[in-house]
Structures are given as structure tokens and as C-alpha cells.
Amino acid sequence: MSGVTPPGAPADDDRNRWLVLVVLCASLLLVAVDATVLHVAVPAVTEELRPSGIELLWIVDVYPLVCASLLILFGTLGDRIGRRRVLLIGYACFGAASALAAYATSPGTLVCARALLGVGGAMIMPATLSILRQVFPDRRERALAIGIWSAVAAVGAAIGPLVGGVLLEHFWWGSVFLINIPLMAVCLPVGALLLPESTGDRSGPWDVAGALLAATGLFSVILAVKRAGGGDLFTAGTVLAAGLGCGLLVAFVRRQRRRSEPLIDLSAFSRPAFGTAVGCIVLTVLALVGLALVAAQYLQLVLGLSPLQTGLRLLPLSLAAIGAGLLGSRMLHRLGPRRMVAFGFGLTAVAVLTLAVLGEHDRPAVMTLGFVLLGFGLETTLFGSYESMLSDAPPAEAGGAAAIGETAYQFGAGIGIALLGSVMNAMYGPAVRRVDGVSAADTEAAGHSLGEALTVAARLGGESGEALREVARDAFVQGMHMTLVASALLLLCGALAALRLPRDLCAGGCEPDEQRDAVDGTLLPSGITRP
């Protein structure tokens, strides 16, 4: 299986395609877990390494920031030099960066290690999806494979805090990175033996300048979004990053339109199956990622649960997402892309509104129901969107298409934190700054976050501290309710946007991608390659 697979052709040995899926999902799981596993380890990292506020922010944010900005660069590079080659380099980079992060002795070293993890993640994520596109040329089988792949991605992000909580109960903070090394050590040789190599048509030179424009522009825009989400909305740094990023991305778009062999086929966004699917991914993640951060704070700071207990409470969401992924292929063929994605958006909106009844007292039954509906609806929406997007893209552009989908996911995450975080802050901050018996300096500090409010309340003690604690918790719950309502509105907008997706997969049972490939002589509808 070391030879290059022609675009659109099946893998050399179809018997190994499910083993290939296992390898791809195992590596994707680690990348997804790494995006959230550090959240629960932040207090331990702070105590051990003593980073400044800026250094701590970069320790947390540099991984998703670097990963998101490089997805298009490495996705299109895989189309050019080989997707397996890029994936294997990503494995090596991710493993080495994990070792560096686990044994970091200074904040600067940990920031560099997290940045290298982002580089490795950017190589791995689009490569897994584009190789999957090649290994499963039949759309029905590919739908099942994408369901498993997307469920693994969702579960990895969801169980990150749980994994981190378990490890921190018994080991030091570096253990959250050390777990990556054994699996990467297995994936590297197994991937070299099992994974098929595939590329695009390789016509024309690779646009290095365009790739750098896209990477720098995305880095700047996502940095501006993250700064805005952290409260620095109108500062000079945010405005400069946003202006630079938008300017570079405009230059990238103009460059791609002028080139005969562009990195990204921008005309794809005008096709309903592709452009609408990308938009649905952004809306789904935008509505929910800020909600996930609010949920973690609610469980730990309002209800007083430990990180491990918080991870266990979120477990029903993960299990429901797995179920939706496994049922996704059947739902897709029964409902079609349009109704499936619209149904997922609607179900997720119902889940969000169900969680809106939660308050300062623990209601585990309501919470479990809401998380089950949330996990199933979220995975249903993402499944239908990714499947429509990837199946609409020509096989030769699979890496670029996968990179666009993953970039949409990361971009939606950044926008969601900024937008929904602003909604939360607008409700929370003013309420906390009006507490009788508490000085203006203390209420100002308490207005930054619920965590700071509880710290100030513990320092004050007595009636003043208790009053601040009650006001802060009540304000947080009210802000959470407003954030949930805003999320539900965004999800309903997504359901309306999904109406632009194709109604059915293909009339008469013929798969659209196979139908297209049959026209240019690469692949017959039955999946038989033509000499």
C-alpha cells in the first residue's frame, strides 16, 4: 500500500480500509483531547511554573491558534506532496512536542511546546479526513466512516477535561501530555504500513506565497477574535490584528482568483452542498463552544463539583454523540442532507433551552437529559455538514476541502467564545458591581469572572463575603440563561440555513461524487477503476 492512489480510486486493499479508519481515529482522538485536556490542569501549571497572566493566556491559546491558522497550508500541501506523508510527519511532530510539553520547566518552553503541538495537529486533522475520503470511495460506506470520525472528534474534545481530571488525581500536570507519546509511537509505524498514499493531480506549482498569506491572515484574525472574547474588544492590539488579518485574507482571495491552479477552489463556496455545509459547521460550533465553557464553570463554581465530577457529568453528551455518529449513515440516507442537518439544529436548540431551566441548585436529571439531546443533536448536525461538504469536493481537492471544514470549526469556536462571552459579561459584570458593603475595588475584581468573585468573597469573609458570593452566583446563572437563549437563536438560524442543502443524496441511488467521476473517466459508478 505504499504506492500513490490515483484521485478517486479506491485503496489498494479494501480489506484494510476499516483498519485504516481505526488508525485515523486513534490519532484524531489525541488531537481532539489535547484541545481541552489542559483546561483542568491550569491551576496546577500556574502553581508549578508561575507564569504571568500573558504567559498563561498563551499557554492555553497558542495550540488552537497555531493549529487553526495552519490547516489550509498543510491540507493543500498534502494534496500536493502526499497526504500520508504529511500525516506521518504530523505524528512525529505531535509526539516530540508532547514530550517537550510534559517536561517543560518554564512558561516559555511550555508555550513553544504547545505551538509545536498545534503544528502537528494541523498536519494530522485535515490529513485524516482527506485520507478517509480516498479510502472510502463509496458514499454509503464513507458516510458511516465520517460518522465514526466525527463522533471521535466530538468525544475527544468532550472527554479532555475528564482525562485531565483523572490524571491530575494521581500524577503531575505534565502527565496530560505524556499520554500522547505511546499512542503516537504506535500510530507512526502502523500508519506507515497501513495507510495508502494519495495526492491531487499535482498540476502547476504549489502556491507557497498564497499558503503563507492564508496562514498569517488566519492567525491574525483568530488572534483578534480571541482577544475580543477575553474582553479586549476595542484595544489597539485587537484592532491591529483584525485589520492585518482581514487585509491578508482579502489579498489571499484575490490571488487565488487570478491563479490558474489555486490552492483553494473558491467557486466551491457558491455550490449549496459545499458552501452551506461550511456555514452550518461555523454556526454549530459558534453556538456551542461558548456554552461549553459556561457549562464547565457552572458545574465547578456554582455547583461545586470537582474536575473529575465535572467530566463525569459531561459523559452523557459524549455517549450521545457516539450514538449519533454510528446512526448517522442510516439517518443521512433516510432523511437526506437537508432534513438531517435541519433536524440536528432543531434538536440541539431544544437541548439548549432544556438546560436553561438549570439554576443554583443541582438538577442532575434535567442536566443529563439536556446533555444527551445536546450530544445527539450536535453530532447529527456536524455529521451531515461534514459529509455534504466532503462528498461535494472532487477527490483531488480532498485535503483542501478537509482543511476548510476544520478551519470553519476552529473559526466558529473563536467567534463563539467572543460573542457568547460578551453576552455573559454584559449580564454578569454590571450585576456584581452593585453589592452593599463591598468596596469598589473588590466589586471591580469580582466583575471579571465568577472565579475571581469567589476568591474575593473568601478573602472578605463574613456577611460581606457571603453577600458577594450569592450575588455573583445569581448573576452568573442569569448570564448563563441569556447565553443559552442566544445559542438557541443561532441554532435556529442554522436550521434555516440548512434549507439550502440538497434534499437527497442522489436520485436513483447513484452517488453524486461517483456520478461526477464517471463523467471524467476516473471511476465508474460501481467503484471499478477504468484503465
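Computed from a predicted structure; not experimentally measured.
Residues Thr276 and Cys280 form a side-chain contact, since some pair of their non-hydrogen atoms from C-beta on lies under 4.5 Å apart. Annotation: side chain of Phe345 is not in contact with side chain of Thr380 (no heavy-atom distance under 4.5 Å). Residues Arg459 and Thr455 are not in side-chain contact: their nearest non-hydrogen atoms beyond the backbone lie 4.5 Å or more apart. Here the side chains of Leu249 and Val221 are in contact, with some heavy-atom distance below 4.5 Å. Side-chain contact between Val352 and Leu374 is present, with heavy atoms from C-beta onward closer than 4.5 Å. Contact check for Leu178 versus Tyr103: side-chain heavy atoms found under the 4.5 Å cut-off. Looking at Ser98 and Met184, their side chains never come closer than 4.5 Å, going by heavy atoms from C-beta outward. Val119 is not listed as a side-chain neighbour of Tyr63, based on a closest heavy-atom distance of 4.5 Å or more.
Between the side chain of Thr216 and the backbone N or O of Leu213 there is no donor-acceptor pair closer than 3.5 Å. Looking at Thr348, its side chain does come within 3.5 Å of a backbone N or O of Leu378 through a donor-acceptor pair. One N or O on the side chain of Tyr298 and one on the backbone of Gly359 form a donor-acceptor pair closer than 3.5 Å.
Atoms OG and CG, from Ser388 and Leu501 in turn, are 5.0 Å apart once rounded to the nearest 0.5 Å. Going from atom SG of Cys112 over to atom CG of Leu116 covers 7.0 Å, rounded to the nearest 0.5 Å. Taking CZ of Phe74 as the start and SG of Cys67 as the end, the distance is 10.0 Å to the nearest 0.5 Å. Interatomic distance, CG of Leu454 versus CZ of Arg473, reported as 5.5 Å (0.5 Å rounding). Going from atom CG of Leu347 over to atom CZ of Phe376 covers 7.5 Å, rounded to the nearest 0.5 Å. To the nearest 0.5 Å, the span separating CZ on Phe94 from CD1 on Ile124 amounts to 5.5 Å.
Of all non-hydrogen atoms in Ala356 and Leu484, the two that sit nearest each other are CA-CD1, 3.4 Å. Considering all non-hydrogen atoms of both residues, Ser220 and Ala241 come closest at CB-O, 3.4 Å. Closest approach of Cys493 to Leu283, counting heavy atoms only: C-CD1, 4.2 Å. In terms of heavy-atom proximity, Leu373 sits nearest to Ala351 at CB-CB, 3.5 Å. Closest of all the heavy-atom pairs between Glu360 and Val302 is CA-CG1, 4.0 Å. Across every non-hydrogen atom of Val341 and Ala498, the tightest pair is CG1-CB, 3.7 Å.
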**Request:** Evaluate side chain to side chain contact (heavy atoms under 4.5 Å, CB included) for Leu248 paired with Leu218, printing each intermediate quantity in order.
**Result:** CA-CA 8 Å; Leu248 291 174; Leu218 285 169; over 6 Å; no

**Item:** Worked verdict on Leu492 versus Leu496 for side chain to side chain contact (heavy atoms under 4.5 Å, CB included)
**Value:** CA-CA 6 Å; Leu492 292 176; Leu496 294 176; 6.0 Å; no

**Message:** Test side chain to side chain contact (heavy atoms under 4.5 Å, CB included) on Leu358 and Leu355; report intermediate values, then the result.
**Reply:** CA-CA 6 Å; Leu358 297 175; Leu355 293 172; 3.9 Å; yes

**Message:** Using side chain to side chain contact (heavy atoms under 4.5 Å, CB included), reason through Phe177 and Leu100 one step at a time and then give a plain yes or no.
**Reply:** CA-CA 9 Å; Phe177 300 110; Leu100 181 62; over 6 Å; no

